[in-house]
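For reference, the structure is listed below as structure tokens.
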Amino acid sequence: MTSNTRVVVIGAGLAGVRLARRLGELGTPALLVGDEEHAPYNRVLLAEVLAGRYAPEVITLPPPTGLLRTRVTGIDRAARTVSCADGMSIAYDTLVLATGSNPVLPPLRGLFTPDRRLPAGVHAFRTLDDCLGLAEAVRPGTRAVVIGGGLLGVSAARALAVRGAQVVLAQQAERLMERQLDPDASRLVRGHLTDLGVEVHTECRVRDVRCVAGAVRSVELADGYALDADLVVLACGVRPRTGLAEQAGLAVRKGVLVDDELRTSDPSIHAIGDCAQHDGTVYGLAAPALEQAESLAELLAGDTTARYRGTRSLTRLTLTGPGSPLDLAAFGETEARPGDDVVRLADATRGTYRKVVVRDDRLVGGVLVGELGTVGALARAWEGAEPLPDDGPLLHLLTNDGGS
């Protein structure tokens, strides 16, 4: 069976859905092909589903007009068709790869069964199926080990603790969320998790997953210490999903290489979102994926001037629990270099922390924990990359919301 569609988008995540919907609004219908059985959903909110704060249907995305649920198995660039697992062949004039990313599965002894499956009780945390499987497995008192202390690991540990699990978080780096937060902000996040009952181990390498009768029973650390486990959550980051692009002979490094028109090495194929590498960067975040989708929609709908120039991304996270929630935001370079100016405001009683880094009279980064009223003004100053005024605005930016 063959169908003919001018624009075909592979991947029904945030980027693919936004592109398909925007193209429809601009009068250029697209066929969206997704391989998950669920309706498209907002992956950013999976931790809230795991925590029980949202029902799965709450994070469903408004569906575009044309959605086909099947798995694409190959791209024939010469014939301009894609083949699917169900035998369908889809012709395209323009193809867009929005294939997202896969969870990184660490090289641990005992992680896989002989048929290369994860043992019972060991879960990745990337898809709605992963989330629902975890939610079904966790009970009050369940012993859960989260491997990885980045944004995903912190979110998973918090969600499991809210569900009543006994959670241990094992982080190989020296602090939590080391890619986004400076040491002071990271300590506040660690304190919040500890208040929820999470036992946090940093500079801690997991070596082995121990199973009995095909089900996980413990996790062994590099120093020989064993953590009893009914559940293990793998939150070790993600890797761009580039298999289709590589099989088709497209240029791939960390991600699928794209230019400012988000074109790959084949001018009839574009890539956006987690799978794309633009100007040396694979973002792996929602905001850049959505910006890329908007830019590409305008271009494909006929705006020949539309370009994607990169995204200055801001990370935001809210950690909720039995007590007050902890809000945090980070952007740019949160660690100062020699010669940089740094302004900090900290209130240990209220658990708040604000810091900005200035280089050559430009705001190059910042981190806020506890109160985010100023984040809008700070982000605008950072995104503008303009020289700061001479009248001492930094303290004002840190203490005033600038109308945001």
Side-chain angles (χ1 to χ4, degrees), residues 47 50-51 102-126 130-131 133-239 319 321 335:
L50 178 58
N102 290 322
V104 171
L105 302 181
L108 306 178
R109 288 199 301 261
L111 184 60
F112 293 102
T113 62
D115 59 354
R116 300 300 294 171
R117 295 177 183 272
L118 293 176
V122 178
H123 299 257
F125 187 41
R126 183 64 184 159
D130 294 335
C131 180
L134 272 169
E136 185 177 345
V138 68
R139 300 283 186 276
T142 296
R143 298 168 301 179
V145 176
V146 177
I147 302 176
L151 182 63
L152 187 64
V154 166
S155 298
R158 187 269 306 172
L160 291 169
V162 168
R163 295 287 295 267
Q166 299 175 25
V167 184
V168 177
L169 188 152
Q171 162 72 325
Q172 187 166 333
E174 65 180 10
R175 65 179 188 268
L176 299 177
M177 294 181 64
E178 80 283 1
R179 292 179 59 187
Q180 293 90 10
L181 303 182
D182 70 351
D184 289 328
S186 183
R187 275 192 288 273
L188 287 173
V189 172
R190 181 171 184 158
H192 182 83
L193 289 180
T194 301
D195 289 344
L196 290 176
V198 178
E199 183 181 325
V200 178
H201 295 268
T202 53
E203 296 184 275
C204 164
R205 187 170 63 84
V206 174
R207 181 171 66 188
D208 202 349
V209 174
R210 297 291 176 88
C211 299
V212 176
V216 67
R217 287 293 176 265
S218 66
V219 168
E220 184 178 319
L221 306 181
D223 61 7
Y225 186 73
L227 303 170
D228 292 336
D230 306 305
L231 280 180
V232 172
V233 181
L234 305 173
C236 305
V238 295
R239 182 176 291 115
L319 299 173
E335 296 279 15

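Atoms CD1 and CZ, from I147 and R205 in turn, are 12.0 Å apart once rounded to the nearest 0.5 Å. A distance of 6.5 Å separates OG of S218 from CG of D228, quoted to the nearest 0.5 Å. Atoms CG and CG, from L111 and L234 in turn, are 5.5 Å apart once rounded to the nearest 0.5 Å. Note that the CE atom of M177 and the CG atom of L151 stand 4.5 Å from one another [nearest 0.5 Å]. The structure places CG of L181 at 9.5 Å from CG of L188, a figure rounded to the nearest 0.5 Å. Taking CG of L108 as the reference point, atom CZ of R210 lies at 12.0 Å (rounded to 0.5 Å).
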Using side chain to side chain contact (heavy atoms under 4.5 Å, CB included), reason through V219 and D208 one step at a time and then give a plain yes or no.
CA-CA 6 Å; V219 168; D208 202 349; over 6 Å; no
Go through it in stages, so that I can follow the logic: the residues are R158 and L196, the test is side chain to side chain contact (heavy atoms under 4.5 Å, CB included), and I'd like the CA-CA distance, side-chain angles, deciding distance and then a yes or no.
CA-CA 7 Å; R158 187 269 306 172; L196 290 176; 3.6 Å; yes
Do H201 and V168 pass the side chain to side chain contact (heavy atoms under 4.5 Å, CB included) test, and can you show the C-alpha distance, the side-chain angles, and the key distance before you say yes or no?
CA-CA 8 Å; H201 295 268; V168 177; 3.5 Å; yes
Check step by step if side chain to side chain contact (heavy atoms under 4.5 Å, CB included) holds for V206 and V145.
CA-CA 10 Å; V206 174; V145 176; 5.7 Å; no
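The minimum heavy-atom distance between L176 and L193, with the atom names listed, is CD1-CD1, 3.8 Å. In plain terms, the two heavy atoms of A51 and V162 that are nearest each other are O-CG1, 3.9 Å. Minimum heavy-atom separation, P103 to A124: CG-CB, 3.9 Å. Closest approach of F125 to V233, counting heavy atoms only: CB-CG1, 3.9 Å. Minimum interatomic distance between G153 and V146 (heavy atoms only, all atoms of both residues): O-CG1, 3.7 Å.
Under a 3.5 Å cut-off, the side chain of D230 and the backbone N or O of R143 do form a donor-acceptor pair. One N or O on the side chain of R139 and one on the backbone of E136 form a donor-acceptor pair closer than 3.5 Å. For the pair R175 (side chain) and D184 (backbone), a donor-acceptor distance under 3.5 Å is absent. Looking at R190, its side chain does come within 3.5 Å of a backbone N or O of V200 through a donor-acceptor pair. Without hydrogens or angle criteria, Q171 side chain to T202 main chain gives no donor-acceptor distance under 3.5 Å. Between the H192 side chain and the L319 main chain, a donor and an acceptor come within less than 3.5 Å of each other. For R163 (side chain) and L50 (main-chain N/O), a donor-acceptor pair under 3.5 Å exists by modelled atom type. S186 contributes no side-chain N or O that, together with a main-chain N or O of P183, makes up a donor-acceptor pair within less than 3.5 Å.
The number of heavy-atom neighbours closer than 6.0 Å to OH of Y225, taken from other residues, nucleotides and ligands shown, is 12 or below. The number of heavy-atom neighbours closer than 6.0 Å to CZ of R207, taken from other residues, nucleotides and ligands shown, is above 12.
At least one side-chain heavy atom of V238 sits under 4.5 Å from a side-chain heavy atom of R126.
Of the residues listed (V167, L160, L134, L231), the one engaging T142 in a side chain to side chain contact (heavy atoms under 4.5 Å, CB included) is L231, and it is the only one.
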